[in-house]
Amino acid sequence: MDLLEISVRTDGEAAEAISELFNRLGQGGAVIEEAPSQASRAVLVRTYLHDDEHLADKRREIEEGLWHLSLLYPFPPAEFRILQEDDWANAWKAFHPVQHVGGRIVLKPTWREHTPQPGELIIELDPGMAFGTGQHPSTRLCLLAIERYLRPGMRMIDVGTGSGILTILAARLGAAEMFACDIDGLSVKVARENCALNGVSAHLRLETGSLGDLDFGPEPWDMLLMNILAPVIIELLPLARPRLRDGGLIVLAGLIEPQVDGVKEQMDAVGITEIDRMQDGDWVMLVGRTGGGEQ
């Protein structure tokens, strides 16, 4: 079946708002990639629709949503193009090179060649229509936080796993148990395939859902990641805190500067103390620790 690709080039808060719209209405949610040809911190926000009998209605709904958002956040008009099924399989591959993040992390698309160097942590990815290729600043910030804070033997929850990229790195660094989830079933399918590709499926649960509707077991966890939208993070923080042991860590990303204060207020309200903050352009990541436990 052919696909309609809808893409918007923008930055900052507009990218966040468009992503939320595409996550609600698009097939497979939003795909966010840095726009490498731009001098600014622009990103491309894409989504896809099946070319079926519902296409006209779905396209109109997205166009109306973009029009309303453009009144708040000026951005260029969306671009539309039809991808034939055979073209889709290769259309997005040109945007994904081998990437080096931090000192050791290497993100290698399955179709690229790379000669491993001593000490490198190689993550092979076939992202498809799932968020999490390492091109977006929020994903890179999360990778750096995991590299800095995760210790062998930790138990970790990854909320909004997308392509599974963060869970794969946690496994590479010795996490003993991982629970990854996403509200989008397509992302869970892609994450499951990527985890199998990297040989990290042992000690891993992958489920469709989120903090409010999944059983994470009776034992508290050591680390919890949420690389999603700021309003969703604020909503989920009261549910996240009970999942963590005292002294446990939480990594929150997908935030832009104007949203940080609201997230920080909710962290304080549920008993999570900020211990670190990283920034890449307009995008910010917060690391917090729950009170009362071993540091």
Side-chain angles (χ1 to χ4, degrees), residues 8 10-26 29-34 41-47 65-66 68-75 130-146 157-163 165-166 180-184 187 209-212 223-241 243-244 249-290:
V8 180
T10 185
D11 57 13
E13 198 165 358
E16 192 82 357
I18 294 167
S19 299
E20 186 171 9
L21 176 72
F22 285 178
N23 278 322
R24 286 192 290 109
L25 302 177
V31 180
I32 308 175
E33 297 166 353
E34 196 164 358
R41 303 299 305 208
V43 295
L44 290 172
V45 188
R46 292 189 177 95
T47 197
L66 289 173
H68 286 292
L69 290 177
S70 71
L71 301 179
L72 299 172
Y73 317 105
F75 52 81
F131 176 78
T133 65
Q135 299 235 13
H136 193 272
S138 65
T139 305
R140 293 197 298 267
L141 290 170
C142 283
L143 291 167
L144 293 172
I146 295 169
I157 297 172
D158 179 11
V159 179
T161 191
S163 68
I165 183 173
L166 304 180
C181 60
D182 202 293
I183 61 173
D184 176 48
S187 290
S210 189
L211 289 174
M223 179 180 283
L224 189 148
L225 312 175
M226 287 197 284
N227 181 22
I228 46 181
L229 301 171
V232 181
I233 288 175
I234 291 172
E235 179 183 346
L236 292 181
L237 272 170
L239 299 176
R241 173 60 185 91
R243 305 297 180 193
L244 287 165
L249 296 167
I250 190 164
V251 177
L252 305 174
L255 317 175
I256 57 175
E257 285 187 279
Q259 300 169 328
V260 170
D261 287 346
V263 173
K264 180 70 166 52
E265 288 176 8
Q266 185 73 310
M267 290 171 64
D268 294 340
V270 300
I272 297 173
T273 301
E274 179 186 344
I275 63 168
D276 199 359
R277 181 181 298 203
M278 303 182 200
Q279 186 161 351
D280 186 341
D282 293 332
W283 299 89
V284 180
M285 180 201 61
L286 302 176
V287 180
R289 191 186 301 276
T290 60

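- Within a 6.0 Å radius of CG in Leu239, other residues, nucleotides and ligands contribute more than 12 heavy atoms.
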Taking it one step at a time, do Val263 and Ile234 satisfy side chain to side chain contact (heavy atoms under 4.5 Å, CB included)? CA-CA 6 Å; Val263 173; Ile234 291 172; 3.9 Å; yes
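- Glu274 pairs by the salt bridge (Lys or Arg N to Asp or Glu O under 4.0 Å) definition with Arg277, not counting sequence neighbours.
- Put simply, the side chain of Ile18 does not reach to within 4.5 Å of the side chain of Tyr73, judged on heavy atoms.
- Counting heavy atoms from C-beta outward, Leu44 and Val8 have side chains that stay 4.5 Å or more apart.
- Under the 4.5 Å side-chain criterion, counting only non-hydrogen atoms from C-beta, Thr161 is not in contact with Ser187.
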Derivation of the side chain to side chain contact (heavy atoms under 4.5 Å, CB included) call for Ile275 and Leu249: CA-CA 9 Å; Ile275 63 168; Leu249 296 167; 3.7 Å; yes
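- Atoms CG and SG, on Asp158 and Cys142 in that order, are 8.5 Å from each other to the nearest 0.5 Å.
- To the nearest 0.5 Å, atoms CD1 (Ile165) and OG1 (Thr139) are separated by 6.0 Å.
- Between the CG atom in Leu244 and the CE atom in Met223 there is a gap of 9.5 Å [rounded to 0.5 Å].
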Would Phe22 and Leu66 count as a side chain to side chain contact (heavy atoms under 4.5 Å, CB included) if you check the C-alpha gap in whole Å, the side-chain angles of each, and the deciding distance to 0.1 Å? CA-CA 10 Å; Phe22 285 178; Leu66 289 173; 4.1 Å; yes
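- The side-chain heavy atoms of Leu237 and Met226, taken from C-beta on, include a pair separated by under 4.5 Å.
- The two atoms that bring Leu21 and Gly65 nearest to each other are CD2-C, 3.8 Å, heavy atoms only.
- Minimum interatomic distance between Pro238 and Val270 (heavy atoms only, all atoms of both residues): CA-CG1, 3.9 Å.
- The two residues Val287 and Ala145 come nearest to each other via the heavy atoms CG2-CB, 4.3 Å.
- Side chain of Asp182 to backbone of Gly162: a donor-acceptor contact under 3.5 angstrom is found.
- Within the 4.5 Å cutoff, side-chain heavy atoms of Leu211 are placed close to those of Leu224.
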Test log, rule side chain to side chain contact (heavy atoms under 4.5 Å, CB included), inputs Leu225 and Asn227: CA-CA 6 Å; Leu225 312 175; Asn227 181 22; over 6 Å; no
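- Contact check for Leu286 versus Val260: side-chain heavy atoms found under the 4.5 Å cut-off.
- Here the side chain of Gln279 pairs a donor or acceptor atom with the backbone of Gly281 at under 3.5 angstrom.
- Taking the salt bridge (Lys or Arg N to Asp or Glu O under 4.0 Å) definition, one finds that Arg241 meets it with Asp246, sequence neighbours left out.
- Inter-residue side-chain proximity for Met285 and Leu144 is flagged as unmet; no heavy-atom pair is nearer than 4.5 Å.
- Not one N or O on the side chain of Glu265 forms a donor-acceptor pair closer than 3.5 Å with the backbone of Gly262.
- When all heavy atoms of Ala230 and Leu255 are compared, the pair lying nearest together is CB-CD2, 3.8 Å.
- The shortest heavy-atom contact between Ile183 and Ser210 is CG2-CB, 4.1 Å.
- If you take OG on Ser138 and CE on Met278, they are separated by 13.0 Å, rounding to the nearest 0.5 Å.
- For the atom pair CZ (Arg243) and CD1 (Ile250), the distance works out to 12.0 Å, reported to the nearest 0.5 Å.
- Summarising the geometry, atom CD1 belonging to Ile233 is positioned 11.0 Å from atom CD belonging to Gln266; distances are rounded to the nearest 0.5 Å.
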